[in-house]
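Below is one structure, written out as structure tokens, with a few remarks after it.
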Amino acid sequence: YSDMKKYFYFHKQGEYFSENEIYRIACMANFHRSWEFVFITKGELKYNINGNVGNAGKKSIVFIDSMQIHSYQTSEDIDGYVLVVSSDYLLYFEREYPKMTFPNVMDDTEYNVPIIEHVEKWYNNREETDYSRFNNINILLAMLCEAYLTTKKKKEPTQELVLNIINYIEQHYDDADITMEKIAGQLGFVKQYCSKVFNNTMGESFRNYLNRIRIMRFEELAARNENESVMTLAMECGFESMATFYRAYKNLYNRSPKHN
């Protein structure tokens with residue numbers, strides 16, 4: 001959904017999504033076309049952004065530019081906010097600064113205090129109109145521009161390669177015979193190179209990522225097809241055995257599927 005032209009996502013660590021679901025900043029490797037900001041108010045976040053690994057602490061801001069592959073691990077005491085905004089909310093910025101962006105980590109803690117205060121105040125008054133949302137985003141961007149504006153870098157060849165591998169997986173995850181060797185051949189590379197670049201950038205193996213995508217698709221199908229068996233849906237998602245499916249599911253959710 002963060003690839004939709006007009007998308008807005010604003011959540012706080014520990015916030016209740018539903019009666020039984022709590023929002024957490026930590027996330028597995030993913031990418032999207034929107035901009036993403038993490039405002040850390042407590043604890044520490046370990047990030048992997050396009051294969052660049054580092055740590056960000058209290059009063060730091062982590063920024064994810066469009067199509068950057070990223071994942072987060074967090075300390076147990078982490079607290080903060082995640083804001084994801086699509087291109088529709090960035091029209092003024094992109095018109096004024098077409099070749100500019102922000103660094104992935106903004107850690108001038110003294111300068112960040114009023115920025116995070118703005119974010120906290122905004123979060124606590126979220127009953128807003130679309131106009132006030134645009135206004136709050138532009139205030140935030142203006143504050144960031146004063147200290148952190150930087151020139152956009154060209155995408156690294158390895159990032160393009162990983163994005164192509166991910167796109168292939170998205171289109172062919174239901175193929176039980178999909179392998180890194182097969183994908184590498186399609187893209188004109190050798191398997192060993194593709195595996196190394198993918199593992200370093202994503203922070204997980206090709207097989208783990210593929211099974212994670214398959215399990216996520218299984219969950220989507222199961223929600224829409226309550227009368228179908230687990231085996232039928234698992235096979236539709238590319239799993240060739242139930243043993244592999246149950247192992248992958250438990251690795252991701254630490255439990256067995258609830259679907260009958």
Side-chain angles (χ1 to χ4, degrees), residues 1-4 7 24 26-34 36 47-53 64-73 84 155-260:
Y1 295 108
S2 52
D3 279 343
M4 296 187 324
Y7 179 83
R24 302 189 187 284
C27 71
M28 292 181 285
N30 69 97
F31 69 98
H32 46 70
R33 291 182 177 83
S34 299
E36 180 171 330
Y47 59 83
N48 183 334
I49 305 172
N50 283 349
N52 298 314
V53 178
I64 307 298
D65 207 340
S66 175
M67 303 304 286
Q68 287 191 318
I69 302 162
H70 58 285
S71 63
Y72 311 134
Q73 295 177 14
V84 183
K155 288 181 183 177
E156 298 177 4
T158 53
Q159 182 186 358
E160 291 283 0
L161 173 59
V162 173
L163 290 174
N164 286 334
I165 294 171
I166 290 173
N167 284 331
Y168 190 97
I169 293 171
E170 290 285 341
Q171 295 171 23
H172 302 279
Y173 67 88
D174 55 350
D175 177 1
D177 297 323
I178 187 174
T179 62
M180 179 61 90
E181 186 172 8
K182 187 175 183 179
I183 297 174
Q186 290 282 338
L187 299 176
F189 293 91
V190 296
K191 172 192 170 184
Q192 291 78 3
Y193 177 71
C194 288
S195 294
K196 181 179 179 181
V197 170
F198 189 90
N199 292 356
N200 290 343
T201 303
M202 300 296 286
E204 64 179 322
S205 70
F206 162 78
R207 184 57 55 181
N208 282 347
Y209 180 82
L210 172 61
N211 284 339
R212 178 155 64 87
I213 293 300
R214 286 171 168 169
I215 292 296
M216 292 168 65
R217 296 297 180 266
F218 167 86
E219 290 285 87
E220 293 172 3
L221 286 176
R224 300 196 303 267
N225 301 275
E226 296 181 359
N227 295 324
E228 289 284 1
S229 68
V230 169
M231 177 180 288
T232 298
L233 297 177
M235 297 303 172
E236 283 186 26
C237 294
F239 288 102
E240 54 186 0
S241 76
M242 292 308 294
T244 303
F245 166 76
Y246 281 117
R247 184 166 56 250
Y249 196 99
K250 192 163 187 180
N251 284 340
L252 185 58
Y253 292 115
N254 200 30
R255 61 173 174 81
S256 298
K258 295 178 180 178
H259 188 75
N260 294 324

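Heads up: numbering here begins at 1 and tracks the sequence.
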Check: Looking only at atom types and distance, does a side-chain atom of Arg212 sit under 3.5 Å from a main-chain N or O of Ala29, one as donor and one as acceptor?
Finding: yes

Check: What is the minimum heavy-atom distance between Arg214 and Tyr173, and which atoms define it?
Finding: NE-O, 2.7 Å

Check: To the nearest 0.5 Å, how far apart are CG in Leu163 and OG1 in Thr158?
Finding: 9.5 Å

Notebook entry, point to check: What's the spacing between Ile215 CD1 and Leu210 CG if we round to 0.5 Å?
Noted result: 10.0 Å

Note to self: As an exercise, state the distance from CD1 of Ile213 to CE of Met28, rounded to the nearest 0.5 Å.
What the structure shows: 8.5 Å

Item checked: Option from Asn164, Leu161, Val162 for which side chain to side chain contact (heavy atoms under 4.5 Å, CB included) with Cys194 holds -> Leu161

Show me the donor-acceptor pairs within less than 3.5 Å that the side chains of residues 181-189 make with the rest of the protein, sequence neighbours left out.
| unit_1 | atom_1 | unit_2 | atom_2 | d |
| --- | --- | --- | --- | --- |
| Lys182 | NZ | Asp175 | OD2 | 3.0 |

Notebook entry, point to check: How long is the gap from NZ on Lys191 to CZ on Phe206, to the nearest 0.5 Å?
Noted result: 9.5 Å

Margin query: I need the Arg217 CZ to Glu220 CD distance, nearest 0.5 Å.
Written below: 5.0 Å

Check: Hey, what do you get for CD (Gln73) to OH (Tyr47), rounding to the nearest 0.5 Å?
Finding: 13.0 Å

Enumerate, atom names and distances included, each donor-acceptor pair closer than 3.5 Å involving a side-chain atom of residues 230-247, sequence neighbours excluded.
| unit_1 | atom_1 | unit_2 | atom_2 | d |
| --- | --- | --- | --- | --- |
| Thr232 | OG1 | Ser229 | OG | 2.8 |
| Ser241 | OG | Thr244 | N | 3.2 |
| Ser241 | OG | Thr244 | OG1 | 2.8 |

Checklist line | Heavy-atom pair of closest approach, residues Asn199 and Ser205 | finding: OD1-CA, 3.3 Å

Next item on the list: Under the side-chain contact (heavy atoms from CB on, under 4.5 Å) rule, what do Tyr253 and Glu219 come out as? Steps first, then yes or no, please.
Entry: CA-CA 11 Å; Tyr253 292 115; Glu219 290 285 87; 3.7 Å; yes

Next item on the list: Over all heavy atoms of both residues, which pair between Thr201 and Asn48 is shortest? Give the atoms and the distance, please.
Entry: O-OD1, 3.2 Å

Donor-acceptor pairs under 3.5 angstrom involving side-chain atoms of residues 64-71: please list them, not counting sequence neighbours.
| unit_1 | atom_1 | unit_2 | atom_2 | d |
| --- | --- | --- | --- | --- |
| Asp65 | OD1 | Trp35 | NE1 | 2.9 |
| Asp65 | OD2 | Thr101 | OG1 | 2.9 |
| Ser66 | OG | Arg33 | O | 3.0 |
| Gln68 | OE1 | Asp65 | N | 2.9 |
| Gln68 | OE1 | Asn104 | ND2 | 2.8 |
| His70 | ND1 | Asn30 | O | 3.2 |
| His70 | ND1 | Gln68 | O | 2.9 |
| His70 | NE2 | Asn30 | OD1 | 3.3 |
| His70 | NE2 | Glu36 | OE1 | 3.1 |

